[in-house]
Amino acid sequence: MVERDTIRLLRECDSGIKMGITAIDEVIGHVKGDRMQSVLRDSKHESERLQTDLQKALHDYHDEGKDPNPMVQGMSWVKTNWEMLIDGTDSKIAELMMDGCNMGIKSLSRYMNQYKAADERSKDIAKRLITSEEKLSSDMRQYL
């Protein structure tokens, strides 16, 4: 039970990190403000550090991880690009990033509750990812 829940939680974290990094990559080239670009770059680097820890944990369980659902990823791409066409301001980008962070926080919190038997290492990674999402969402507020 512990191993199964651990792997499932790690997979969901893996999918979430990949979605977050992709989202930042999609918008960062459109950001006009240097400070906002810096905040997004810092968040991406933090996600990449978490991803490294996550990949080590997955490797220890002989698991390859999980890619984001292609349908969800495609819908996110369409929404982001549509919103950017209509209003490509830094304020709109901040709003999109906050929406993504909030969805990530909600999903990861649900998975933490669903996979209660997961080991402490995987729970720690999930908590750190949630904290990272909360920080980015908070940092984006100043750009609304």
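Hydrogens, waters and symmetry mates are skipped; everything else that's a heavy atom, side chains included, is used. If you're wondering where the values come from, they're calculated on a predicted model, not measured in any experiment. Residue numbers count from 1 along this sequence.
A donor atom on one side chain and an acceptor atom on the other are found under 3.5 Å apart for Asp119 and Ser122. Side-chain contact check for Asp14 and Gln55: at least one donor-acceptor pair (N or O, by modelled atom type) lies under 3.5 Å.
Thr6 approaches Ala117 most closely through the heavy-atom pair OG1-O, 4.4 Å. Residues Ala126 and Met112 come closest through the heavy atom pair CB-SD, 3.2 Å. The minimum heavy-atom distance between Tyr115 and Lys123, with the atom names listed, is O-CE, 4.5 Å.
With rounding to the nearest 0.5 Å, the separation of CD in Glu133 from CE in Met97 is 8.0 Å. A distance of 11.5 Å separates CD of Gln51 from SG of Cys13, quoted to the nearest 0.5 Å. Of the inter-residue distances, the one linking Asp63 atom CG with Arg8 atom CZ reads 11.0 Å to the nearest 0.5 angstrom. Separating the OG atom in Ser132 from the CD1 atom in Ile125 is a distance of 13.0 Å, to the nearest 0.5 Å. In this structure, Lys92 NZ and Leu96 CG are separated by 6.0 Å, a value rounded to the nearest 0.5 Å. Taking CZ of Arg35 as the reference point, atom OG of Ser38 lies at 5.0 Å (rounded to 0.5 Å).
In the hydrophobic clustering of ILVMFWY residues, with side-chain heavy atoms under 4.5 Å counting as a link, Ile86 and Met84 come out apart. Hydrophobic cluster membership is shared by Leu50 and Leu108, with clusters built from Ile, Leu, Val, Met, Phe, Trp and Tyr side chains linked at under 4.5 angstrom. Linking Ile, Leu, Val, Met, Phe, Trp and Tyr whenever their side-chain heavy atoms come within less than 4.5 Å leaves Met19 and Leu58 in two separate clusters. No chain of hydrophobic side-chain contacts below 4.5 Å, direct or via other Ile, Leu, Val, Met, Phe, Trp or Tyr residues, connects Ile17 to Met98. Linking Ile, Leu, Val, Met, Phe, Trp and Tyr residues whenever their side-chain heavy atoms come within less than 4.5 Å leaves Ile21 and Val27 in two separate clusters.
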Can Lys79 and Ser76 be said to form a side-chain contact (heavy atoms from CB on, under 4.5 Å), step by step?
CA-CA 5 Å; Lys79 179 182 190 239; Ser76 174; 5.8 Å; no

Under the side-chain contact (heavy atoms from CB on, under 4.5 Å) criterion, do Tyr61 and Leu10 qualify, and how do the steps go?
CA-CA 10 Å; Tyr61 281 97; Leu10 290 171; 4.2 Å; yes

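The shortest distance between side-chain heavy atoms of Asn113 and Arg110 does not fall below 4.5 Å. The shortest distance between side-chain heavy atoms of Val39 and Met140 falls below 4.5 Å. Two residues are said to be in side-chain contact when any heavy atoms from C-beta on lie closer than 4.5 Å; Asp53 and Arg128 meet this criterion. The side-chain heavy atoms of Ser43 and Ile24, taken from C-beta on, include a pair separated by under 4.5 Å. For the pair Asp67 and Ser15, the minimum side-chain heavy-atom distance is 4.5 Å or more. Residues Leu40 and Leu136 have side chains in contact (heavy-atom distance under 4.5 Å, counting atoms from C-beta outward). Side-chain contact between Arg41 and Glu46 is absent, with no heavy atoms from C-beta onward closer than 4.5 Å.
In this structure, Lys135 places its NZ atom where only 12 or fewer heavy-atom neighbours from other residues, nucleotides or ligands lie under 6.0 Å away. Residue Gln142 places its CD atom among more than 12 non-hydrogen atoms of other residues, nucleotides or ligands, all under 6.0 Å distant.
When atom types are taken as modelled, the side chain of Asp90 and the backbone of Lys32 share a donor-acceptor pair closer than 3.5 angstrom. In this structure a side-chain-to-backbone donor-acceptor pair under 3.5 Å is missing from Ser138 to Glu134. Glu95 contributes no side-chain N or O that, together with a main-chain N or O of Leu144, makes up a donor-acceptor pair within less than 3.5 Å.
Salt-bridge formation is not detected for the pair Lys116/Asp5: no Lys NZ or Arg NE/NH1/NH2 atom is positioned less than 4.0 Å from an Asp or Glu carboxylate oxygen.
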